[in-house]
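These notes concern the structure reproduced below.
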Amino acid sequence: MVEEAGIPTISIGNDHVRIERIKPPRVALVKFPRGSMFGEPGNVARQRRIIMDMFGGLKTMTTPGEILELPYRWKR
């Protein structure tokens, strides 16, 4: 409904297979463990970068089902 109203949305996930099954309009893919989609607890700078990357994806991702693979890796 939100997308139909012209408001772009983006999801975040870490499981490529699940993403392909759900088929959200846009996805930011991270290589983090389940439950920690924005990175390590307390790493505010990285969490902010991920959110900003997702906002950037809203501007650049035009193909339905497009996946933005973020370069960040879990450091713990």
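In this text, all values refer to a predicted model and were calculated from it rather than measured experimentally. Residue numbers start at 1 and run along the sequence shown.
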Would you say Leu68 and Met37 are hydrophobically clustered, going by side-chain heavy atoms of ILVMFWY under 4.5 Å?
yes
If you group Ile, Leu, Val, Met, Phe, Trp and Tyr by side-chain heavy-atom gaps below 4.5 Å, do Val27 and Ile10 land in one group?
no
List the residues meeting ring pair (Phe, Tyr, Trp, His ring centres under 6.0 Å) with Phe32, not counting sequence neighbours, and say none if there are none.
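Testing Phe32 for ring pair (Phe, Tyr, Trp, His ring centres under 6.0 Å), a comparison that skips the adjacent residues, returns Trp74.
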Closest non-hydrogen atom pair, [X] against [Y]:
X: Phe38; Y: Ile51; value: CE2-CG1, 3.8 Å
X: Gly39; Y: Gln47; value: O-NE2, 4.3 Å
X: Met54; Y: Ala28; value: CG-CB, 3.8 Å

Heavy-atom side-chain contact between Leu29 and Leu70 under 4.5 Å:
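The answer is no; the side chains never approach within 4.5 Å.
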Taking the side chain as C-beta and beyond, is there a heavy-atom pair between Ile12 and Val30 under 4.5 Å?
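Sidechains of Val30 and Ile12: in contact.
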Hydrophobic side-chain clustering at under 4.5 Å (ILVMFWY, transitive links): who's grouped with Ile7? Put none if nobody.
Val2
If you round to the nearest 0.5 Å, how far is [atom2] of [Y] from [atom1] of [X]?
X: Arg34; Y: Asn14; atom1: CZ; atom2: CG; value: 8.0 Å
X: Thr9; Y: Arg26; atom1: OG1; atom2: CZ; value: 5.5 Å
X: Ile19; Y: Ser11; atom1: CD1; atom2: OG; value: 8.5 Å

Is it true that atom CZ of Arg73 has more than 12 heavy atoms of other residues, nucleotides or ligands lying nearer than 6.0 Å?
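More than 12 heavy atoms, drawn from other residues, nucleotides or ligands, come within 6.0 Å of this atom.
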Got a sec, which pairs hit salt bridge (Lys or Arg N to Asp or Glu O under 4.0 Å) with one end in residues 55-70, sequence neighbours left out?
none
Among residues at least two apart in sequence or on other chains, which ones pass side-chain hydrogen bond (donor to acceptor under 3.5 Å, both in side chains) with Asn43?
Glu40
side-chain hydrogen bond (donor to acceptor under 3.5 Å, both in side chains) filter on Asp53, not counting sequence neighbours, yields Tyr72
Quick note, ring-ring contact (aromatic ring centres under 6.0 Å, His included) partners involving residues 4-25, not counting sequence neighbours, are none
